[in-house]
> 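Dropping the structure in here first, questions after.
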Amino acid sequence: VLIRGGVDEGSLERLEELLLASDFGVPVTMRLVDRVEDLSRQGKARTEQDFLDAVERELLAVLRGDGKETSLRFAAGEGPTVFLVVGVNGVGKTTTIGKLAHWLKHQGHRVLLAAGDTFRAGAIDQLRVWAERAGAEFVGAQPGADPAAVAFDAIDAARARGADVVIIDTAGRLHTQGDLMAELAKVHRVVAKKVEGAPHETLLVLDATTGQNAVSQVRIFSEMLQVTGLVLSKLDSTAKGGIVVALKEQFGIPVKLVGTGEGIEELAPFDAEQFAKEVLT
Amino acid sequence: ELSEKLDGVLSRFRQRGLLTEPMIREGLREIRRVLLEADVHYQLTRHFLAKVEQRALGEKVLKSVAPGQQIVKIVHDELVSLLGEKREGLKTAPVGPTVILLAGLQGSGKTTTAAKLAKRLAREGKSPLLAALDVYRPAAIDQLEALGRQINVPVVADREERDVAKLAVRALEQAKAGRHRTLILDTAGRLQIDEELMDELRRVKAAVQPTEVLLVVDAMIGQEAVRIAEGFHQALGLTGVILTKMDGDARGGAALSVRGATGVPIKFIGIGERPDGLDVFDPYRMADRILQ
Ligand SMILES: Nc1nc2c(ncn2[C@@H]2O[C@H](COP(=O)(O)OP(=O)(O)OP(=O)(O)O)[C@@H](O)[C@H]2O)c(=O)[nH]1
Ligand SMILES: Nc1nc2c(ncn2[C@@H]2O[C@H](COP(=O)(O)OP(=O)(O)OP(=O)(O)O)[C@@H](O)[C@H]2O)c(=O)[nH]1
Ligand SMILES: [Mg+2]
Ligand SMILES: [Mg+2]
């Protein structure tokens, strides 16, 4: 931990350790430490607090888009609005959908949840519980059904029942599983053909405790689909999620939402200022 | 590949004889980067490399082997030795059913791993019983029951009971009554900083005295692996670790972090979503993967 005093021999090393410990990764850490070292040599950073402030400024420069990036995109025309939620196994997709449905309902939308995970044990039941909790409509098929067919039927059901937002849950899959990534691309295509401009958001959920593998996940998911937003889940853990800086630099995809717990209300829009501050504490 | 990259880095050292200190330091700087990018904890990396440096200093440069390759071999050997050279299986209780308690962060793969262990133990004639102790997650019990049906292993559950320690005690009674030789307890995911939930696990442990307390860890976890493993270890006294989702491309530096920080052996790796996706941990293959 950096002590907020003056600068000494170990200050840069301690800064480096703080950044590495927060999962910033090697390239970003090196760049930030070099930057601070320059400022220190120019006499522009005299205390360790100056170091932290300098880093915070750099982080904000990377993370802050134009602010409206964290807002979700809705259908311009007939709709329904379709959100596709994807990501590797266990990151919090299904739970995030429950939270998002609850939030959208409170904003006056009628939400329908589509149980696109037709593979994992208990997945359809799990989403059905979240639909009940969030007061959302629910469409699910039998385990083993074609996820693209579920998505297709869900959109029809939304139109029939007057739901203006459809959120499609998908099975967790490792980005290295080519056939499963192809399955996801098919769901995306079917949805795009069914509704003009859909999916209006393709949200890739990342677990905040993930290390450098997040880079590989974002790279491959965004190669197969047009990922429009990242969700950083489990930010209530002790992990800092520093990896998002490298992700923003390499891929430019905005973090739109953060998950901060297992409860239905524990979802918030991504706040770059708050994140930049807290990631260094 | 790493030893070639190192040879490139070290190509400016044209000395014969010993591996010189500047050569080693240059090589280890590159290795440090490799380990950090593989998610090995930064503190552990430092200690590990200090050890490697000690070993490397004074080693003669082998005429038949390029220095980069030699350094990599030393690093690889040290990794294997740190990861635990001998294979550690599951312990068996001297009397009564062997109780296995699974714990870990949310989404790490506990429920799926419970089924994998059950399938493996069933095949070994250890007549397992699965118990659903996750009373929080929606459809958690449905998930374990569905898996139990898939692998033909009975699951004990009670959708009305909220006291997890009570559930564990009843499961143990059921295991004894049904002559099951193993009881596998699946628990809810939790943060190691959640005092209330960590206390719940302590009470379960006190109630049924498990033979094995296994931490289930996602192979893609980053630097926080150390703090998480330490938290669970201090609360429960872990007897083993299972590293899941190793069928992906996560380098799995967490293996080194967890083993280095707690000394607890990694017993299995999860290599897929299906109940047969469980392998015995191999330190040689893990070292290869971390250093790739
Ligand atoms: N602490 C915490 N836990 C979370 C958060 N989001 C999800 N979880 C938990 O993470 C676990 C996995 O969540 P799921 O929603 O099932 O994850 P998933 O991505 O749908 O998983 P798969 O469908 O199996 O790939 C559950 O125990 C959730 O309660 C969060 O923001 N904080
Ligand atoms: N590819 C792969 N997926 C896995 C592996 N182990 C578990 N999974 C998947 O990871 C996701 C989470 O697994 P769960 O067993 O629900 O995780 P959990 O720890 O019980 O989750 P909580 O109870 O919510 O804490 C599921 O989609 C599993 O199929 C593995 O070794 N490889
Ligand atoms: Mg899910
Ligand atoms: Mg579970």
Side-chain angles (χ1 to χ4, degrees), chain A residues 16-27 29-30 88-95 98 119-130 132-133 143 171-177 206-217 220 233-234 236-243 261-262, chain B residues 32-34 36-43 45-46 105-112 115 136-150 188-194 217-228 231 244-245 247-254 257 272-273:
Chain A
E16 182 188 90
E17 292 183 344
L18 175 64
L19 296 174
L20 287 173
S22 309
D23 284 318
F24 278 86
V26 173
T29 296
M30 291 310 163
V88 303
N89 307 73
V91 293
K93 299 176 291 300
T94 306
T95 307
F119 168 74
R120 205 207 70 211
I124 298 169
D125 298 317
Q126 184 187 6
L127 189 70
R128 188 182 293 111
V129 173
W130 279 111
E132 287 164 20
R133 288 182 179 181
R173 69 206 63 220
L174 298 179
H175 45 294
T176 47
Q177 294 168 305
L206 298 169
D207 186 325
T209 64
T210 305
Q212 302 308 301
N213 194 251
V215 175
S216 182
Q217 292 175 28
I220 299 184
S233 69
K234 308 182 198 174
D236 48 314
S237 71
T238 48
K240 297 296 183 177
I243 194 69
E262 302 190 72
Chain B
R32 177 178 186 245
R33 184 176 191 118
V34 169
L36 291 173
E37 287 178 342
D39 291 317
V40 180
H41 192 260
Y42 74 92
Q43 250 166 4
T45 302
R46 190 158 17 91
L105 293 184
Q106 291 88 347
S108 58
K110 297 173 292 299
T111 304
T112 310
Y136 310 101
R137 171 171 155 154
I141 296 176
D142 296 304
Q143 184 185 5
L144 193 63
E145 286 180 340
L147 289 171
R149 280 192 300 273
Q150 277 179 36
R190 69 203 65 213
L191 303 178
Q192 83 282 5
I193 49 170
D194 187 326
V217 179
D218 193 323
M220 65 187 186
I221 197 172
Q223 295 285 312
E224 218 47 33
V226 164
R227 225 181 268 160
I228 288 154
T244 63
K245 307 176 203 172
D247 44 316
D249 64 354
R251 300 271 293 282
S257 304
E273 293 194 74

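The structure displayed is predicted, hence computed values, not measured ones. Proteins get letters first, then strands, A, B, ... in listed order; numbering begins at 1 in each. Atom set for the values below is all heavy atoms of this structure, side chains included, hydrogens, waters and symmetry mates excluded.
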> At a 4.5 Å cut-off on heavy atoms, which part of Val91(A) comes close to chain B: side chain, backbone, both, or neither?
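Just the side chain, heavy atoms under 4.5 Å.
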
> Is it the side chain or the backbone of Arg128(A) that comes within 4.5 Å of chain B heavy atoms, both, or neither?
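Nothing of Arg128(A), per the 4.5 Å heavy-atom cut-off to chain B.
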
> What part of Ile193(B) gets within 4.5 angstrom of chain A, counting heavy atoms only: side chain, backbone, both, or neither?
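Side chain only.
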
> May I ask you to decide if Gln223(B)'s main-chain N or O and Asp23(A)'s side chain share a donor-acceptor pair within less than 3.5 Å?
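Yes: the side chain of Asp23(A) pairs with the backbone of Gln223(B).
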
> Does any part of the side chain of Glu262(A), heavy atoms only, come nearer than 4.5 Å to the side chain of Pro138(B), both counted from C-beta?
no

> Which region of Asp247(B), side chain (C-beta onward) or backbone (N, CA, C, O), has a non-hydrogen atom less than 4.5 Å from a non-hydrogen atom of chain A, or is it both or neither?
both

> Measuring heavy-atom distances to chain A, does Gln192(B) have an atom under 4.5 Å in its side chain, in its backbone, in both, or in neither?
side chain

> Without swapping roles, check the side chain of Asp142(B) against the backbone of Gln126(A) for a donor-acceptor pair under 3.5 Å.
no

> Is there a side-chain contact between Asn213(A) and Asp249(B) in this structure, where contact means two heavy atoms from C-beta onward sitting under 4.5 Å apart?
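With C-beta onward as the side chain, the pair touches.
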
> Can you tell me which portion of Glu273(B) sits under 4.5 Å from chain A's heavy atoms? Options are side chain, backbone, both or neither.
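Interface part for Glu273(B): side chain.
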
> Is Ile141(B) in contact with chain A via its backbone, its side chain, both, or neither, using a 4.5 Å heavy-atom distance?
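For Ile141(B), there is no contact with chain A at all, as no heavy atom is under 4.5 Å.
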
> Would you call Arg32(B)-Glu16(A) a salt bridge at under 4.0 Å N-O?
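Looking at Arg32(B) and Glu16(A), the cut-off is met.
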
> Where on Leu36(B) is there a heavy atom nearer than 4.5 Å to chain A: the side chain, the backbone, both, or neither?
both

> With rounding to the nearest 0.5 Å, note down the distance linking CD in Gln106(B) to CG in Asp207(A).
9.0 Å

> Hey, could you give me the CE/CD distance between Met220(B) and Gln217(A), rounded to the nearest 0.5 Å?
5.0 Å

> Based on non-hydrogen pairs under 4.5 Å, which of Ala21(A), Gly122(A), Ala208(A) is most in contact with chain B?
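Winner by heavy-atom pair count: Ala21(A).
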
